[in-house]
Amino acid sequence: MKELNKAAVDHGSYDASSIQVLEGLEAVRKRPAMYIGDISAKGLHHLVSEVVDNSIDEAMAGYCSNIDVIINEDDSVTVTDDGRGIPVDMHEKEKRSALEVVMTVLHAGGKFDKGSYKVSGGLHGVGVSCVNALSVNLKVTVHRGGKMYVQEYEKGTPMYPVKEVGETTKRGTVVTFKPDDTIFQVTQYSYDTLSTRLRELAFLNKGVRLSITDRRNKDDNGEFIHESFYSEEGLKEFVQYLDGAREKLVDTPIYMMSDKGAMPVEVAMQYNSSFTENLYSYVNNINTIEGGTHVAGFRRALTRTLKSYADKSGMLSKLKFDINGDDFREGLTAVISVKVAEPQFEGQTKTKLGNSDVAGAVDTVVSEMLNNYLEENPKDAKTIVNKVILAATARHAARKARELVQRKSVLSNTGLPGKLADCSEKNPAMCEIYLVEGDSAGGTAKQGRDRKFQAILPLRGKILNVEKAMPHKIFENEEIKTMFTALGVSIGTVDDSKELNLQRLRYHKVIIMTDADVDGSHIATLILTFFFRYMKELIENGYVYIATPPLYLIKKGKDEKYAWSEDERQAIVKEYTVNGKESNIHIQRYKGLGEMNAEQLWTTTMDPAYRVLRQVDITNAFEANRIFSMLMGDEVPPRREFIEKNAKYARIDA
Ligand code: 0RA
């Protein structure tokens, strides 16, 4: 398909077969979700990625070093790069500019030159023409060969042919677009979402400067909010950034790289004193949440190389039990980035790399370079092996603790925790369990629920931070033990696999219900992180949900309405306002679940006929885990601020 497009654009050979490929942009407007995933905030932000990815392609091909993103006052976005500029030459048969073809023909946005690894050909890969189709208006300006060219579009349709508008000393492409509010559910851009992605891209593409400016907001000095990201050392700095707050075991990250051969491989890794693994993997700059062959190759090489070094060192001789693959990755933070010419993406969210040859390529690079590292740095190598031994020891302690918990729960009367208010229905497919923050809200939920199918489990205060605790402590923690027994799940007892046994799962809806404030979303994030680490299968099966309690109650006389957002609150107040007068309107801001009575909680948040549950998928659980990981380690003053700023990560869109 790509080849056909190349031919079509390059040589103007529009034969019948290529015409089939070149769908009109109407298709994109009719079924936007098919092209950009969805029409929520996610899809909206995807539009920016799509344009930026094209600029990144220019950077990867060696032609671009600056990419600037501006969120304009009206929530339109401008992306400027100093790449080659989209070609503007006339397309002979089409009788229009190549620029127009790139902007208006589906899938025609890719590069014509061979041998480049395209971000825009990967997961996103729908082309800048999709952005055009989904924008009320879009303007592209190209600086190329000393001249400036412009074209504008409405919903993808050109307003005039490409025109030359003057001379320039610059080079590159400027795209400004305003997403169509008849297509997207929301049209407000989140600065944090965009800046996080741009920071990530800077780490992944060292030497490229990416910046973001928010023209909607000014800082204390009266300047527009602005950040610029640039990384000299790429992944090495990425790992240090991710591990910021943790106590590192070795001073500088281990860095492995090979750009020889057909497949560029880059890995940076660092051990810290925590007990969790934080592995981030990318293929052509796309975050492969589900891992894949590149991750498998890395793990294989890591285990084999470290094991063989440890065996040779004699440090394992006193050990009374086995060491397994997990032990080599405890407290490990690593980023793997590969560039693959034709990536195959698999899995539920299409973020798992399938290309089998990548495993070997990564394995080779990591084995060789890690082995050299260990030989050249014996002191650090010893520290790492000791950490592995500690991990194996802790794993054995954890297994004992876990078996104890599970044996106990089988032996006791009902096997159910006393705090659990169970439902009467026994068929798991019909049953729900609410995990409620705090005993008092738990009490309200117990009164408000439908006891036939809704169970309530109050959780006391903050749940254990699974990142900082030793694994065996996790299974000694009361709240966590309670969750395991209430849900009826267990973790593999025969072997040490972390596989969750769902056979006796008692509820097919596990609903996290916390206050709608910063602390509440922090707790939800903690619980989600715990699920992500220890009960991933629940998320993968679509059993985990977040409840959405309202933020406001607005009353006028006997009439009352709930609002879930600031906009809704304003709309209701407006509705209640007569002749410009807001009198008799009473607004209550719910600071916590505790401020609602049982009936209100039922009506707004628990009644299946009215409530909104947001289903957690692996993507947003990963995000919660990642945000959470970044905050861990020892007390860092900006942590609280960070949590407040990013609390939205725990608010998840289904
Ligand atoms: C097609 C071909 C070439 C570059 C581009 C498109 C291109 C697209 C975008 C979108 C945003 N910035 C961009 N920069 C470049 C190759 C150009 C050549 O061969 O000279």
Side-chain angles (χ1 to χ4, degrees), residues 1-12 18 21-22 25 35-36 46-70 76-92 94 96-122 124-135 138-153 156 158 162 168 170-177 194 197-198 201 205 208-212 284-285:
M1 212 151 104
K2 245 179 250 152
E3 292 303 316
L4 281 179
N5 275 323
K6 266 183 202 166
V9 178
D10 234 4
H11 313 295
S18 50
V21 176
L22 307 175
L25 293 186
Y35 296 87
I36 52 156
H46 198 142
L47 298 184
V48 180
S49 288
E50 199 55 55
V51 181
V52 171
D53 283 355
N54 281 279
S55 305
I56 287 285
D57 281 350
E58 280 294 284
M60 290 209 286
Y63 299 104
C64 164
S65 44
N66 290 285
I67 302 170
D68 301 296
V69 175
I70 300 170
S76 67
V77 169
T78 301
V79 179
T80 305
D81 71 44
D82 58 358
R84 285 169 291 184
I86 304 177
V88 289
D89 41 307
M90 259 308 183
H91 194 290
E92 291 196 353
E94 275 273 305
R96 49 182 181 156
S97 162
L99 174 59
E100 184 174 322
V101 177
V102 167
M103 298 307 296
T104 58
V105 178
L106 210 51
H107 299 307
K111 299 296 145 54
F112 315 134
D113 43 330
K114 273 214 176 117
S116 59
Y117 308 96
K118 297 177 261 301
V119 186
S120 54
H124 304 306
V126 287
V128 68
S129 60
C130 273
V131 179
N132 197 7
L134 301 176
S135 297
L138 183 148
K139 177 178 181 184
V140 60
T141 307
V142 170
H143 298 253
R144 197 176 156 102
K147 298 222 169 74
M148 243 158 78
Y149 307 84
V150 186
Q151 190 168 38
E152 288 170 80
Y153 317 81
V162 171
T168 179
K170 287 191 263 185
R171 217 187 54 178
T173 307
V174 185
V175 176
T176 299
F177 64 93
L194 294 180
R197 175 61 180 156
L198 295 178
L201 284 170
N205 301 279
V208 183
R209 186 178 302 281
L210 296 112
S211 81
I212 177 161
N284 302 353
N285 291 334

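We count ligands from 1, going down the list as the structure has it; atoms in each ligand are counted the same way.
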One finds that the ligand 1 atoms under 4.0 Å from a non-hydrogen atom of N54 are 9 (C), 10 (C), 11 (C)

Rounding to 0.5 Å, atoms CG (D82) and OG1 (T173) come to a distance of 9.5 Å

Checklist entry - Is it true that I86 lies under 4.0 Å from ligand 1, counting heavy atoms only? => result yes

Atoms of ligand 1 under 4.0 Å from any heavy atom of D81, numbered from 1 in the order shown, are 11 (C), 12 (N), 13 (C), 14 (N)

With heavy atoms and a 4.0 Å threshold, my read on which part of P87 contacts ligand 1 is side chain

Test side-chain contact (heavy atoms from CB on, under 4.5 Å), reference M148, set V142, T141, V174, output is T141

Counting heavy atoms under 4.0 Å, the part of R144 that contacts ligand 1 is side chain

If we ignore hydrogens and angles and just use 3.5 Å, is the side chain of R171 paired with the main-chain N or O of Y63 as donor and acceptor? yes

Only residue of V101, V175, V102, V162 satisfying side-chain contact (heavy atoms from CB on, under 4.5 Å) with I86 is V102

Interatomic distance, SG@C130 vs CG@L25, rounded to 0.5 Å, equals 7.0 Å

